[in-house]
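Along the sequence shown, the residues carry numbers beginning at 1.
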Amino acid sequence: MAKILNYNEHYFDIIDTPNKAYFLGLSLADATISKYYYEKQDKYFYRYKLNLNVVDKEIVEIFAGEIGAEVKIVETRSRTRNKTYLTANVEIKNKHLVETLANNFGGYKKDERITYNVPDKYLNYFIRGYFDGDGSLSKSTSGWELSLSGREPILEKILIDLDLQAKIYNNKSIKAIRLRRKNDIKSFLNFIYKDVYKCTNLTPCITRKLEISNKFMEECS
């Protein structure tokens, strides 16, 4: 377990920077936000854990620097759908930080997270973070497809915020938006990466997803 020496428990209190908005979106998609009761000590414990594929370790390192956490990023083996892969994670046990996120999202567990609150001027960074956590862009013989998974209320809110018309499909236990029209995909990517495409300051993003997005934009230009 990573040893936390110092961190800012008030980091998510006010979303007033692009990076805070990005990591709020990434946390909504990918972070463990838990409150659990430990009977032996008769008390509740709170845990925040950001766990990403080790190829995206840089994002975990940026978050640790943002929140002021002097930590050793822990690499562990995870197993999903018969696949084993390395992950990089940072863990913080703090009541205030965890409760702040739960209040923003409407709950702790994934199925309880049904909303989000972020200022409009930082919305593109927030949705980029969510896309980095629960989104994908790929090309097959039938063409390009952008997919975004999550709970239906979250996906509906994202579609409204981006003024996109798209169906929400069943994807096993969760839902997903699937964009197949090039104009819709282009609109989505232009929005979340607009600071990148306009050559202004770049906030965090998963590089491999940006590279795929650039390939799509080049093909459609």
Side-chain angles (χ1 to χ4, degrees), residues 11-13 15 18-36 44 46-53 56 59-60 63 78-81 83 87 89-92 95-120 122-138 145-181 184-185 187-189 191-193 203-206 209 213:
Y11 181 77
F12 289 113
D13 285 9
I15 306 303
N19 282 13
K20 286 183 180 181
Y22 173 85
F23 285 113
L24 184 71
L26 186 62
S27 297
L28 175 58
D30 257 3
T32 297
I33 305 165
S34 59
K35 172 185 177 181
Y36 56 96
Y44 283 97
Y46 299 80
R47 182 178 71 151
Y48 172 94
K49 185 176 183 180
L50 183 62
N51 190 43
L52 301 180
N53 192 301
D56 305 318
I59 299 298
V60 181
F63 175 72
S78 296
R79 188 175 179 83
T80 303
R81 297 178 183 175
K83 292 182 180 180
T87 63
N89 67 79
V90 60
E91 183 175 312
I92 296 172
K95 178 180 179 181
H96 180 81
L97 186 141
V98 168
E99 285 190 335
T100 298
L101 289 171
N103 289 335
N104 190 306
F105 301 151
Y108 295 90
K109 299 177 182 179
K110 279 242 179 177
D111 59 359
E112 297 173 339
R113 303 179 200 174
I114 58 172
T115 189
Y116 56 80
N117 294 291
V118 63
D120 289 346
Y122 299 127
L123 185 61
N124 63 308
Y125 306 104
F126 171 83
I127 295 179
R128 183 197 300 169
Y130 190 84
F131 176 75
D132 277 353
D134 274 344
S136 65
L137 177 64
S138 60
E145 178 180 289
L146 187 149
S147 177
L148 197 63
S149 300
R151 300 298 166 186
E152 190 164 4
I154 295 292
L155 299 180
E156 288 177 342
K157 186 168 172 54
I158 288 174
L159 288 174
I160 292 171
D161 285 340
L162 270 66
D163 194 24
L164 282 174
Q165 300 293 324
K167 291 182 179 180
I168 297 175
Y169 297 87
N170 288 322
N171 185 12
K172 296 186 178 180
S173 61
I174 57 176
K175 306 285 186 177
I177 296 168
R178 294 172 185 165
L179 303 180
R180 294 190 175 97
R181 293 190 302 179
D184 287 342
I185 297 173
S187 177
F188 184 95
L189 297 177
F191 181 76
I192 68 170
Y193 291 124
T203 54
C205 68
I206 289 180
K209 293 192 177 184
S213 299

Quiz prompt | Point-to-point distance, once rounded to the nearest 0.5 Å, from CG of Asp56 to CG of Leu50 | solution = 10.0 Å

Practice problem: For Asp132, check side chain to side chain donor-acceptor pair (under 3.5 Å) against everything at least two apart and list the hits. | Solution: Tyr22

Exercise. Would you please test Ser34 and Tyr46 for side-chain contact (heavy atoms from CB on, under 4.5 Å) and show each step?
Key: CA-CA 6 Å; Ser34 59; Tyr46 299 80; over 6 Å; no

Practice problem: Using a 4.5 Å cut-off on heavy atoms from C-beta on, say whether the side chain of Phe191 contacts that of Ile127. | Solution: yes

Practice problem: Only counting residues at least two apart or in another chain, list the ones meeting side chain to side chain donor-acceptor pair (under 3.5 Å) with Asp161. | Solution: Tyr116

Quiz item: If you look at every heavy atom in Pro204 and Asn19, which pair is closest and at what distance?
Solution: CD-OD1, 3.1 Å

Exercise. Determine the minimum heavy-atom distance between Leu159 and Ala166, stating which atoms define it.
Key: CD1-O, 3.5 Å

Quiz item: Step by step, would you call Arg47 with Val98 a side-chain contact (heavy atoms from CB on, under 4.5 Å)?
Solution: CA-CA 7 Å; Arg47 182 178 71 151; Val98 168; 5.5 Å; no

Exercise. List for me each residue that meets ring pair (Phe, Tyr, Trp, His ring centres under 6.0 Å) alongside Tyr44, sequence neighbours excluded, and say none if there are none.
Key: Tyr37

Exercise. Drop me the distance from Lys175's NZ to Asn170's CG, to the nearest 0.5 angstrom.
Key: 3.5 Å

Quiz prompt | Set of residues satisfying side-chain contact (heavy atoms from CB on, under 4.5 Å) with respect to Asp184, sequence neighbours excluded | solution = Leu164, Leu179, Arg181

Self-check item: Heavy-atom side-chain contact between Ile15 and Pro119 under 4.5 Å
Solution: yes

Quiz item: For Asn104, which residues count as a side chain to side chain donor-acceptor pair (under 3.5 Å) partner, sequence neighbours excluded?
Solution: none

Self-check item: Asn51 and Thr87, any side-chain heavy atoms less than 4.5 Å apart
Solution: yes

Quiz item: Listed by chain and number, what are the salt bridge (Lys or Arg N to Asp or Glu O under 4.0 Å) partners of Arg151, not counting sequence neighbours?
Solution: none

Could you list the donor-acceptor pairs under 3.5 angstrom formed by side chains in residues 24-33, with sequence neighbours left out?
unit_1 : atom_1 : unit_2 : atom_2 : d
Ser27  : OG     : Phe23  : O      : 2.7
Ser27  : OG     : Tyr48  : OH     : 2.8

Quiz item: Going through the distances and angles, do Tyr125 and Ile192 end up as a side-chain contact (heavy atoms from CB on, under 4.5 Å)?
Solution: CA-CA 6 Å; Tyr125 306 104; Ile192 68 170; over 6 Å; no

Quiz item: Does the side-chain contact (heavy atoms from CB on, under 4.5 Å) test come out yes or no for Lys20 and Phe126, once each step is laid out?
Solution: CA-CA 8 Å; Lys20 286 183 180 181; Phe126 171 83; over 6 Å; no

Quiz item: How many angstroms lie between CG in Leu148 and OH in Tyr130, if you round to the nearest 0.5 Å?
Solution: 5.5 Å

Exercise. Measure the CG-CG distance between Leu137 and Leu146 for me, rounded to the nearest 0.5 Å.
Key: 5.5 Å

Practice problem: Using side-chain contact (heavy atoms from CB on, under 4.5 Å) as the criterion, list what pairs up with Ala176, not counting sequence neighbours. | Solution: Ser147, Ser149, Asn171

Exercise. Measure the spacing between CD1 of Ile177 and CD of Glu152 and express it to the nearest 0.5 Å.
Key: 10.0 Å

Exercise. Could you tell me the separation between the SG atom of Cys205 and the CD1 atom of Ile59, rounded to the nearest 0.5 Å?
Key: 6.5 Å

Practice problem: Could you pull out all residues at least two apart from Thr100 that satisfy side-chain contact (heavy atoms from CB on, under 4.5 Å)? | Solution: Phe12, Asp13, His96

Quiz prompt | Test ring pair (Phe, Tyr, Trp, His ring centres under 6.0 Å) applied to Phe188 - qualifying residues, sequence neighbours left out | solution = Phe131

Practice problem: Output all residues satisfying salt bridge (Lys or Arg N to Asp or Glu O under 4.0 Å) with Glu145, sequence neighbours left out; order by chain, then residue number. | Solution: Arg180

Quiz item: Going by the salt bridge (Lys or Arg N to Asp or Glu O under 4.0 Å) test, which pairs reach into residues 95-117, not counting sequence neighbours?
Solution: Lys110-Asp134

Practice problem: Compare every heavy atom of Thr115 with every heavy atom of Gly106, then report the nearest pair and how far apart it is. | Solution: N-CG2, 4.2 Å

